[in-house]
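This report refers to the structure that appears directly beneath it.
Quick note on labels: first sequence line is chain A, next is B, and so on, each numbered from 1.
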Amino acid sequence: MAGSSWQRTHRIGALSEANVGEQVVLNGWVAKRRNMGGIYFLDVRDRFGLAQVVLTGSEERLGWSMDEGAILAPEDVLSIVGKVQKREQPNPDLPTGQIEVIATKVEVLSRSTLPPFEIERDSDANVELRLRYRYLDLRRPDMQEKMAFRSRFIGAMRNAFLARDFLEIETPILTRATPEGARDYLVPSRVHKDHFYALPQSPQIFKQILMVAGMDRYFQVARCFRDEDLRADRQPEFTQLDMEMSFVEEENIFETWEGVLVDTFRAAMGIELPATFPRLTWHEAMERYGIDKPDTRFGMELVNLSDWASTSGFGVFENAVAGGGRVMAICVPGGGTSYSRGAMKNLEKRAKESGAAGLAWWKPGETGGGAGPVAKFFEGAVGESLLQAVGGSQGDLVLFAAGPRALCWRVLGEMRLAIGREQGLAKPGAWNFLWVTHFPMFEWSEEEGRYFSAHHPFTAPQDWELGGDPAEMASRAYDLVLNGWELGSGSVRIHRRDVQRRVFDLLGITPEEQQAKFAFLLEALSFGAPPHAGFAVGLDRLVALCKGLDSIRDVVAFPKTLAAVDLMCQAPSTVTDQQLADVHIQLRQDS
RNA sequence: GGGGGCGUAGCUCAAUUGGUUAGAGUGCCGGCCUGUCACGCCGGAGGUUGCGGGUUCAAGUCCCGUCGCCCUCGCCA
């Protein structure tokens, strides 16, 4: 057990009254110095906490001198020998505030130059500096707690899957480029001239092949790579909790994840989630919330007024319906008073940014009518029937959208979220998980004149026969949504070679291309592929959300900037001519 | 690629309409102090105003370019 004499006997943060009277050795960083002249207080920090060390000139001291103490600098690494004593004046703000350590010996294990910013819980140093000196940023108690939480959370999730007989299996990081989806990160091959590996956007195909291999239940904490532009919630490399199951359908996936998340939230956060989450079809989500990842922490749902509008006598609305579109609305409770003229201008501006021609709004008055550009059309009975249709009353604010349904959804969906944010409508402390199912199978791309997979090309259709108009086909893809954030997505997969072929065909992938890029998958599907389904959750986002953070940078140890640069190690970098020659690459000089 | 914001002392920020020697807080260094814990008091050091160019008698401030960071739209199956 005995190591070198400088090695700690206790963790600093673990010291308590139980240790009073004990001789201890502590290792940690100088956090704060308070020199009173004849007595010197030192706050010393390790990952587990902080405690006060007292240096005095009394006869108790051993191998200690104040002169040396005076030159201790912030972030010096120390080994302290001393005795724990109960404080006469406890500090109630400190977990170790009941005790202090009277030092008999202080050894400097490592000197620190003055850090570029102070290592304290709440740093106000700017992001750039924090990223350049990430090891100092991570030394802050705040960041250490976030990293610890992430570790604990992922550990709990891992345990939950292992307890359900899932196998944790690693899949390759060096794999092959995929034709659909995000831009790939490429890695040139030295051995094979002109050939490249790609880093995986996700382990999608590998996990399906693990199902063909009879692994039955797979999961992995998987790093994924996508070479697209970044956001606060998007890094070029990110971590997914990826899983796949054989002989299952949607409900089995939902039940598994509900159980895993209940277990994880309980173990990592002490939060008791409901045993099941609501299920909503994509169509229902769009009709009620105007978005496929609804924040259900508040109401204010969309209302379809098309029936009412077609007989309203208000030309603009009647024409919208007659033209094949619709009229929809949301009713802001109490919005009649909380939204002033100026605030309405803001809302109008936002509606236009969402693609609306304008924003019709109405503050219903006592006997119909009321205020707003369209109020004069809603006098009397028309207004009353309208008010009834939107479920509102005097003092509310009604916002209208007219036109194609997709436009109405988008405009009112965004209005709803913006107003919800402004008014603080979301119930605090709520964890509103929900499943969104029946996503569309395909999306039409105007630029390329072909369909793209709404999820990915291995997603099973609701109808195995793939009948009807591709634009109307529903898939067996589903998302998990938490408080308006898309946490993850998955689907029942295509386990039939013939169906996979037909989907490739519908996507405009030629038979030659199918052969070149997916031969191994199609072949695998021909060797007895079990029906299977899976799911993946973005862990960075989930952990950030659990900690109430807007940016995933705060839960990633070494994140990159919006320009995909690592400010600490300065990646990406140039490489030597020899390295380029090894991988048969010649740089272009023209760009 | 488009739009927006920011860049001044180690750090966080201020600096009137373009006008004196670019300030404050904090940190750091030195001195004093035996019970502090945001210690206190006294003193001190510390500036390529991101970088380059321009306009002007005069630029932190105005103009052009450029670099970096952040937010966002496109993009992210």
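rC42(B) and rA24(B) have their P atoms separated by 14 Å, given to the nearest Å. Nucleotides rG2(B) and rA9(B) place their C1' atoms 36 Å apart, quoted to the nearest Å. Nucleotides rG7(B) and rU21(B) are separated by 25 Å at their C1' atoms, to the nearest Å. With both ends at atom P, the span from rU26(B) to rU17(B) equals 29 Å, rounded to whole Å. Separation of the P atoms belonging to rG50(B) and rA14(B) is 13 Å when rounded to the nearest angstrom.
Salt-bridge annotation for Arg553(A) and Asp233(A): absent, with no side-chain N of the basic residue lying under 4.0 Å from a carboxylate O of the acidic one.
Within 4.0 Å (heavy atoms only), Thr459(A) reaches no atom of the nucleic acid at all. In this structure, Phe452(A) reaches neither bases nor backbone, as no heavy-atom distance under 4.0 Å exists between it and the strands shown. Gln89(A) comes within 4.0 angstrom of a nucleotide base, judged by non-hydrogen atoms across all strands. Arg553(A) comes within contact range of the sugar-phosphate backbone alone, with a heavy-atom separation under 4.0 Å but no base atom that close. Among the heavy atoms of the strands lying under 4.0 Å from Arg87(A) is at least one base atom, whether or not backbone atoms are also near. Across all strands shown, Glu100(A) has heavy atoms under 4.0 Å from base atoms, whether or not it also approaches the sugar-phosphate.
No side-chain N or O of Thr178(A) forms a donor-acceptor pair with one of Arg176(A) less than 3.5 Å apart.
Remark: Arg231(A) is not in phosphate contact with rC75(B), judged by side-chain N or O atoms under 4.0 Å from OP1 or OP2. Using a 4.0 Å cut-off, some side-chain N or O of Arg34(A) falls inside it from OP1 or OP2 of rC39(B). Listed pair Arg33(A) / rC28(B) meets the phosphate criterion, a side-chain N or O lying under 4.0 Å from OP1 or OP2. Between Lys32(A) and rU36(B) there is no side-chain polar atom (N or O) within less than 4.0 angstrom of OP1 or OP2.
In this structure a side-chain-to-backbone donor-acceptor pair under 3.5 Å is present from Arg410(A) to Ser354(A). Within the 3.5 Å criterion, the main-chain N or O of Leu507(A) finds a donor-acceptor partner in the side chain of Arg450(A).
Both the sub-6.0 Å distance and the 45° axial angle are not jointly satisfied by Arg493(A) relative to the ring of Phe458(A). Judged by the 6.0 Å distance and 45° axis criteria, Arg234(A) is not positioned over the aromatic ring of Phe238(A).
In the set rC39(B), rU72(B), rC75(B), the nucleotide with an atom closest to the side chain of Met36(A) is rC39(B).
Straight-line distance from the CD atom of Glu75(A) to the P atom of rC28(B): 11 Å, rounded to whole Å. Distance, Gln570(A) CD to rG68(B) C1': 11 Å, rounded to whole Å. Following rounding to the nearest Å, Asp233(A) (CG) and rC70(B) (P) show an atom-to-atom distance of 14 Å. Whole-Å rounding puts the Leu55(A) CG to rG35(B) P distance at 15 Å. Following rounding to the nearest Å, Arg183(A) (CZ) and rC75(B) (P) show an atom-to-atom distance of 12 Å. Nucleotide rC39(B) holds its C1' atom 14 Å from the CG atom of Leu42(A), rounded to whole Å. Following rounding to the nearest Å, Glu128(A) (CD) and rC67(B) (P) show an atom-to-atom distance of 15 Å.
Closest-nucleotide positions on RNA chain B for Glu88(A) and Glu228(A) were compared, and the one nearer the 5' end corresponds to Glu88(A). Comparing Val565(A) and Gln201(A) against RNA chain B, the residue whose closest nucleotide sits nearer the 5' end is Val565(A).
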Inset, instruction - Go along nucleotides 7-14 of chain B 5' to 3' and tag each nucleotide: B for a protein heavy atom under 4.0 Å from its base, S when only backbone or sugar atoms are that close, - otherwise. - result: ---BSS--

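Note that CG of Leu280(A) and NZ of Lys293(A) are 15.5 Å apart. Values are rounded to the nearest 0.5 Å. Between the CG atom of Leu480(A) and the CH2 atom of Trp257(A) there is a distance of 8.0 Å, given to the nearest 0.5 Å.
Pairing for rG27(B) is absent, with no Watson-Crick or G-U wobble pair whose two atom distances lie under 3.5 Å. Nucleotide rC6(B) forms a pair with rG68(B), judged by Watson-Crick or G-U wobble geometry with both contacts under 3.5 Å. Base-pair partner of rG40(B): rC32(B) (Watson-Crick or G-U wobble, both distances under 3.5 Å). Nucleotide rU20(B) has no partner under the Watson-Crick or G-U criteria, as no pair reaches both atom distances under 3.5 Å.
When the shell of 6.0 Å around OH of Tyr197(A) is examined, it contains 12 or fewer heavy atoms from other residues, nucleotides or ligands. Other residues, nucleotides and ligands contribute over 12 non-hydrogen atoms within 6.0 Å of the CZ atom of Arg87(A).
Within residues 555-563 of chain A, the residues approached by RNA chain B to less than 4.0 Å at the level of any non-hydrogen atom are Thr561(A), Leu562(A), Ala563(A), in residue-number order.
Taking the side chain as every heavy atom from C-beta outward, Arg8(A) and Asp46(A) approach each other to under 4.5 Å.
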Would you list the atom pairs, donor with acceptor, under 3.5 Å between side chains in residues 563-574 of chain A and any protein atom, with sequence neighbours excluded?
unit_1	atom_1	unit_2	atom_2	d
Asp566(A)	OD1	Met568(A)	N	2.8
Asp566(A)	OD1	Cys569(A)	N	3.1
Gln570(A)	NE2	Leu567(A)	O	3.3

